[in-house]
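A quick write-up on the structure given underneath.
First the proteins, then the strands, lettered A, B, ... as listed; each starts at 1. The shown structure was predicted, so the numbers you read here are calculated from the model rather than taken from an experiment.
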2 protein chains.
Amino acid sequence: MLKNSEFVSKLRNSGLRPTKQRLKICEVLFNRDKTFHFTINDLAKNISENFNEKISLATIYNTVHAFKDKGYLKEITISSDKSYFDTNITKHHHFYDEDTNLLIDCNDNEIGKVNIKNNITGKKISSVEVLVRVASDTQNQD
Amino acid sequence: MLKNSEFVSKLRNSGLRPTKQRLKICEVLFNRDKTFHFTINDLAKNISENFNEKISLATIYNTVHAFKDKGYLKEITISSDKSYFDTNITKHHHFYDEDTNLLIDCNDNEIGKVNIKNNITGKKISSVEVLVRVASDTQNQD
DNA sequence: TATTACTTTATAATAGTTCTAAACTAAATG
DNA sequence: CATTTAGTTTAGAACTATTATAAAGTAATA
Ligand SMILES: [Mn+2]
Ligand SMILES: [Mn+2]
Ligand SMILES: [Zn+2]
Ligand SMILES: [Zn+2]
């Protein structure tokens with residue numbers, strides 16, 4: 001639940017100018033109680049339907065990628081034709097509901113720590129992500 | 001290391017006609033000692049460069065998806081713009097080398113069993129996949 | 001205020017993938 | 001074996017998510 005002036009500083013501190021478009025996107029993404037997952041398309045739709053402002057799709061892409069690069073968003077890839085972004089930037093894992101196409105955060109009550117016994121020689125681990133695909137009992141359960 | 005007549009039965013048993021194109025793709029994918037990972041593009045290139053036969057890209061897509069549906073291939077999604085297929089259809093996890101863009105299989109010596117304590121109510125787990133991204137020490141380590 | 005660097009925008013380009021429909025071929029039928 | 005049927009391959013078009021372009025606009029700076 002941040003407010004406008006805080007977004008201005010946040011952007012300035014990141015070397016990003018606080019433009020009208022970026023502030024609107026900040027508001028939509030970060031001015032909430034809970035984190036959430038979205039696609040670029042979700043975000044574009046949200047802005048065009050719920051606000052009078054129009055932000056070009058290119059700007060939405062640019063801004064989301066800029067926010068990702070600055071570490072304010074994480075990208076989660078589920079299927080090759082859809083990319084999700086996550087306002088929860090802490091290390092966490094996901095359930096993916098194949099019936100609803102929704103991502104659901106896991107916490108440590110749900111998935112224990114992943115035990116990596118051996119890493120590739122000469123390489124550093126940049127991330128560890130678990131994806132648990134779920135579907136209703138009556139569906140195709142590949 | 002299967003041979004042609006075995007591929008013919010395998011395809012027939014799956015309800016797929018053993019066409020020249022499918023048998024060639026079987027040979028390229030399954031007539032080897034070790035499993036491996038590939039993209040559609042890798043496969044198309046492999047066939048066009050190493051064999052005299054020409055298989056249309058549409059057929060390669062069709063066949064790879066048919067093989068996936070029959071459970072002879074697994075699909076692994078790393079990034080939204082590239083989809084990998086895996087001839088190793090056992091449950092296993094992956095390292096992804098961000099420097100080389102290569103997928104590397106993990107076995108139980110490398111990643112312990114993932115402990116899922118609570119699943120979503122009313123849903124069945126269809127898969128559990130761990131992806132460990134690695135990069136060389138000197139790279140950007142997000 | 002004037003200058004500069006960055007940003008937004010519409011639109012074009014790109015690339016992976018899927019669709020289409022005609023030609024082709026394996027399997028089934030008689 | 002000849003015919004019929006259903007499944008398959010193919011080139012190319014279409015589709016869709018994403019990125020590139022370059023001109024107009026805006027924030028920061030001098
Ligand atoms: Mn795509
Ligand atoms: Mn794409
Ligand atoms: Zn999340
Ligand atoms: Zn693998």
Side-chain angles (χ1 to χ4, degrees), chain A residues 4-5 7-28 37-48 51-70 72-73 75-85 101, chain B residues 4-5 7-28 37-48 51-70 72-73 75-85 101:
Chain A
N4 198 276
S5 69
F7 293 135
V8 172
S9 330
K10 188 174 175 170
L11 289 170
R12 282 231 179 78
N13 293 334
S14 316
L16 297 171
R17 290 185 180 171
T19 62
K20 191 162 63 87
Q21 293 84 349
R22 284 173 178 162
L23 287 168
K24 170 56 67 183
I25 292 173
C26 277
E27 188 193 323
V28 171
H37 306 104
F38 65 94
T39 65
I40 294 278
N41 205 46
D42 293 338
L43 178 57
K45 231 169 140 181
N46 185 341
I47 292 171
S48 78
F51 300 91
N52 276 9
E53 282 146 282
K54 202 240 158 181
I55 303 182
S56 82
L57 192 56
T59 297
I60 294 177
Y61 270 100
N62 287 341
T63 302
V64 166
H65 284 134
F67 287 2
K68 184 196 166 189
D69 292 345
K70 297 299 177 183
Y72 303 142
L73 290 173
E75 188 168 6
I76 318 278
T77 304
I78 302 298
S79 66
S80 48
D81 61 351
K82 209 188 272 180
S83 191
Y84 289 77
F85 291 88
N101 284 0
Chain B
N4 198 276
S5 68
F7 292 135
V8 172
S9 330
K10 188 174 175 170
L11 289 171
R12 283 232 177 79
N13 293 333
S14 316
L16 297 171
R17 290 186 180 170
T19 62
K20 190 162 65 84
Q21 292 86 348
R22 285 175 178 159
L23 286 167
K24 170 56 66 184
I25 292 173
C26 276
E27 188 193 321
V28 171
H37 306 105
F38 65 93
T39 65
I40 294 278
N41 204 48
D42 293 338
L43 178 57
K45 231 169 142 182
N46 185 341
I47 291 171
S48 78
F51 300 91
N52 277 8
E53 279 147 284
K54 200 239 159 181
I55 302 181
S56 82
L57 192 56
T59 297
I60 293 176
Y61 271 99
N62 287 341
T63 301
V64 167
H65 285 133
F67 287 3
K68 184 196 166 190
D69 292 344
K70 298 299 178 183
Y72 304 142
L73 291 173
E75 188 168 6
I76 317 278
T77 304
I78 302 300
S79 67
S80 47
D81 62 350
K82 208 189 272 180
S83 191
Y84 289 78
F85 291 87
N101 284 2

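- Between B:Y61 and C:dT17 there is a side-chain N or O to OP1 or OP2 distance below 4.0 Å.
- The side chain of A:H65 places no N or O atom within less than 4.0 Å of a non-bridging phosphate oxygen (OP1 or OP2) of D:dT18.
- With contacts defined as side-chain heavy-atom distances shorter than 4.5 Å, the pair A:T39/A:D42 qualifies.
- Across all strands shown, A:T59 has heavy atoms under 4.0 Å from base atoms, whether or not it also approaches the sugar-phosphate.
- Using a 4.5 Å cut-off on side-chain heavy atoms (C-beta onward), A:F67 and A:L11 make contact.
- In this structure, the CD1 atom of B:I60 is 14 Å from the C1' atom of D:dT8, given to the nearest Å.
- For A:A58, the side-chain atoms get nearest to D:dA20 when compared with the rest of C:dA26, D:dA27, D:dA20.
- Side-chain N or O atoms of A:R22 include none that pairs as donor or acceptor with a backbone N or O of A:T63 at under 3.5 Å.
- With C:dA27, C:dT7, C:dT17 as the candidates, the nucleotide lying closest to the side chain of A:R17 is C:dT7.
- Separating the CG atom of B:D69 from the P atom of D:dT8 is a distance of 13 Å, rounded to the nearest angstrom.
- Across the protein-nucleic acid pair, B:L16 atom CG and C:dA27 atom C1' stand 14 Å apart, rounded to whole Å.
- B:D42 places its CG atom 15 Å from the C1' atom of C:dA15, with the value rounded to the nearest Å.
- The phosphate of C:dT9 (OP1 or OP2) has no side-chain N or O of A:K54 nearer than 4.0 angstrom.
- Computed from coordinates, the B:N62 CG to C:dT20 P distance equals 13 Å when rounded to whole Å.
- Regarding A:K82, its NZ atom lies at a distance of 16 Å from the P atom of C:dT17, rounded to whole Å.
- Here B:R22 reaches the OP1 or OP2 of D:dT8: one of its side-chain N or O atoms lies under 4.0 Å away.
- In this model, the phosphate group of C:dT25 is not approached by any side-chain N or O of B:T19 to a distance below 4.0 Å at OP1 or OP2.
- Listed here is the closest heavy atom pair of A:E75 and A:K68: OE1-NZ, 2.8 Å.
- The listed nucleotides are D:dT10, C:dT7, C:dA27; the one nearest the side chain of B:R12 is C:dA27.
- A residue-by-residue look at B:P18 and B:S83 shows that B:S83 has its nearest nucleotide of DNA chain C further toward the 5' end.
- Side-chain nitrogen and oxygen atoms of A:Q21 include none within less than 4.0 Å of the OP1 or OP2 phosphate oxygen of D:dT26.
- For the pair B:K24 NZ and D:dT9 P, the computed distance is 15 Å after rounding to whole Å.
- Across all their heavy atoms, B:T77 and A:S79 have their closest contact at CG2-C, 3.6 Å.
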